[in-house]
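A note on names: the letters A, B, ... follow the listed sequences, proteins ahead of strands, and every chain is numbered from 1.
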Amino acid sequence: MDIHIRTIRTVTIIDLSGNLIIGKSEESLRETVNRMLAEDRKDLILNLSDVPIIDSSGIGAMIKCFTSVKAGGGRFKLLGPSRMARQLLNITGLLSVLETFDDETTAVASF
Amino acid sequence: MQKPAQLQIINRFGASNLLPLSKPLFTIGRKAENDLQLLSDTVSRQHAMIIYEEGNYILVDIGSKRGTFVNNQRIERCSLQHNDQIRIGGDEDEQITFLDQTVERASVIFNSGPLPPLSANSDDRIRAASANEELQKLSRFIEVNQAFKFSLTPDDVLYLIVDAAIEISNAERGFLMLRNKGGDLEFKVARDRYRNTLEGNDFSMSRSVVEDAFKQNRSIVVSNGLSNNERTPGASIFSLDLRSIACIPLRRFQMSDNMDATMMLKRDVIGVLYIDSHSQTETINQTSIRLLESLAFEATKSLESVRLMHEEKEKKQMEEEFNMARQVQLALSPTAINQPEHLEIAALSVPSRYVGGDFYDVIPLKDGRIAFALGDVSGKGIAAALLAAMAQGALQSQFAGNLPLTDIISSLNKVMVQRSASNRFITLFCGVLDRDGHFTFINAGHNPPILARTQGGLEMLSTKSVVLGAFDFVQYAPLQTRFFPGDVLVIFTDGVTEAVNSRNEMFSDERLEELVRKNVHLGAEEMRKLILNEVETFTSGLPQGDDITLLILKMKNPG
């Protein structure tokens, strides 16, 4: 899985590319978010547009990211989950906790 | 010199024979190559062996068919005591007694006699042949160990190597040093010729020889104070009064087909084997050096394979631990579900090849109400299984307190947030059924169970609540529905719908829904069998990565 970081105004966008599943990918996501917090970047968007598959460990990683960003006084939102990912976020009830957007402009404007 | 222990063998005609255990490895079996050959059919070809280890004689069964017995107790590995009666398989023809009158073990020497000291006129061939035999024995021993999956650790192999090296060269002491992570040599084994371990970490030995062998990756021999190295031998050799020293580098053994000469030269030196002797007569010569070099080669090879075997064994132990976790889980699942009058209940849990975190429970409450729960902890392994057990235990005790479902689930969530790693969570469906069919439920992030109406139509039971153990601030509000006679509720884990076949297709929600819809007339038990059957047919026996868990309820028709 590749992780690319870009910034729009005060918002940091984490572009993921590849599957977010058990093992290295979920670990590197958690590391990336911790690094962002250490750099005092608090408003984060996780861009899932290029993530075909998310498993339960991926969900676990997103929960962990949300919790640590929130504890650090920041906001953590999701962008562009695939149909399958959205279904999983819906079943696990995360859509009610993690703000999720389909459009990047709207997502950035929401901060 | 003290005598080694002996085996007294009395045959059925009363003839007696004494066999000295004068070898580090004394083998017993039906084949002629054994040190003690027994011809009975009940004796395996390679049946048992007696190993001399740290002053003890240890009888080891090497996977025989009919077993090895000491004083009529079947043993796998047993330290022999004076007068112990040994029986090999069902062999009643010979009576074997272990006799050990030696007081001091330290002086036992294994060769039937000391090898002739090497000098110009001694017969090198005899010595080489005898040493070769030792070498073969060592590698055979290790092979046998591998074949029978003994508890041989890499450390055991190191001892065997040093003992064999001392024996081959007739040296007085032997040391094995391995390179540690920092690149420095570290003592692993220090032994004397009587197979005693030398204590300490600082031995008087020639550091210069060790350094040269290690750094230059070449064998070094010092004989009567003269080295084969171009360098003048270090002062220590003289001050220590060491007559002969041999130091052989241990090279990493790699199975590689395209290893060319330059790569051979570059091979890592992983350590050194060092032996020395004070005695003037027993010098180490070129013949023993060649043997020592082949020993070093065999040694690193064996070390590698034993290391692999050891890892394999540890893996197996881990699997056993997984099985234990699975047992914990099974113990917590209700073994026999009491079938109430108004309801049929059927449950199923098929463990996957990994231990998952599925659990279910049926808890009878006051006033004829019954609580049902089915959960799935994210992740796999012991941690998931134990967290599942904890969640289930917490649920049981909460229900005993007769609290409302909302409170029970909220407090379970808080416990799980505190107790579990923050990236682990539980999906849980939990509901309470009244006698009249009134059903209150909370679905915390779990696949919505299928409620099939006897009149036709399916309802998916979801409250869109968040998974447990993720956030401590979320609320869990229940929803309600009503079961009518003939209605069936199928609660399942994603192990059912995500079961895959060889084309990597999933069983899918749709297939399960269709199956339930068409077979709503079936009883709970038949429905359980049908679903399991369909999933098994679909996967055609392909091992699944996730547990399959089902809990099925069916309201009975009144009367």
Side-chain angles (χ1 to χ4, degrees), chain A residues 1 14 16 19-35 37 44 46 52-78 81-100, chain B residues 354 356-358 375-381 383-384 387 409 413 416-418 420-429 442-449 460-477 492-495 497-498 500 504 506 508-510 545-547:
Chain A
M1 189 185 62
I14 304 169
L16 297 188
N19 294 334
L20 184 54
I21 53 176
I22 189 161
K24 223 170 167 52
S25 62
E26 50 121 352
E27 281 166 27
S28 42
L29 170 62
R30 274 156 40 198
E31 278 163 21
T32 305
V33 167
N34 288 338
R35 207 176 64 236
L37 289 174
L44 307 178
L46 184 66
I53 295 173
I54 298 177
D55 72 357
S56 65
S57 294
I59 292 285
M62 284 195 270
I63 291 172
K64 168 83 178 161
C65 291
F66 177 87
T67 309
S68 34
V69 172
K70 192 166 184 273
R75 288 172 286 182
F76 183 80
K77 303 182 182 189
L78 303 180
S82 68
R83 200 182 58 85
M84 258 183 80
R86 187 176 269 277
Q87 200 186 349
L88 188 60
L89 289 167
N90 186 30
I91 288 177
T92 52
L94 291 190
L95 281 186
S96 66
V97 177
L98 272 78
E99 266 187 271
T100 306
Chain B
Y354 313 107
D358 283 11
D376 184 355
V377 176
S378 70
K380 304 228 176 335
L387 199 62
I409 301 302
N413 178 49
M416 290 298 144
V417 169
Q418 285 161 8
S420 69
S422 53
N423 57 335
R424 215 178 260 287
F425 59 89
I426 303 177
T427 71
L428 177 78
F429 179 85
I442 287 175
N443 185 342
H446 197 81
N447 299 54
M460 303 301 154
L461 302 190
S462 169
T463 51
K464 299 222 181 259
S465 311
V466 186
V467 294
L468 301 178
F471 313 114
D472 57 3
F473 53 84
V474 289
Q475 302 294 317
Y476 291 92
F492 60 95
T493 54
D494 54 11
T497 47
E498 290 176 11
V500 287
N504 217 22
M506 286 187 185
S508 81
D509 291 316
E510 291 73 19
D546 216 344
D547 301 350

Relative to chain B, which segment of N90(A) carries a heavy atom at a distance below 4.5 Å: side chain, backbone, both, or neither? side chain
Can you list the residues that meet the ring pair (Phe, Tyr, Trp, His ring centres under 6.0 Å) rule with F76(A), with sequence neighbours excluded? none
Aromatic rings F66(A) and F473(B): how do their planes relate, parallel, tilted or perpendicular, breaks at 30° and 60°? tilted
Quick check: closest heavy atoms across T67(A) and A470(B), and the distance to 0.1 Å? OG1-O, 4.1 Å
With only heavy atoms counted, which part of I59(A) is less than 4.5 Å from chain B, the side chain, the backbone, both or neither? both
Relative to chain A, which segment of S465(B) carries a heavy atom at a distance below 4.5 Å: side chain, backbone, both, or neither? backbone
Closest heavy-atom pair, I63(A) versus V467(B), reported as atoms and distance to 0.1 Å, is CD1-CG2, 3.9 Å
Identify the heavy atoms of D509(B) and Q87(A) that sit nearest to each other, and give their distance. OD2-NE2, 4.2 Å
Let me know if L89(A) has heavy atoms under 4.5 Å from chain B in its side chain, its backbone, both or neither. neither
Going by the rule ring pair (Phe, Tyr, Trp, His ring centres under 6.0 Å), which residues pair with F429(B) if we only count those two or more places apart in sequence or in a different chain? F441(B)
Could you measure the distance from the OG1 atom of T92(A) to the CG atom of L468(B)? Nearest 0.5 Å is fine. 11.5 Å
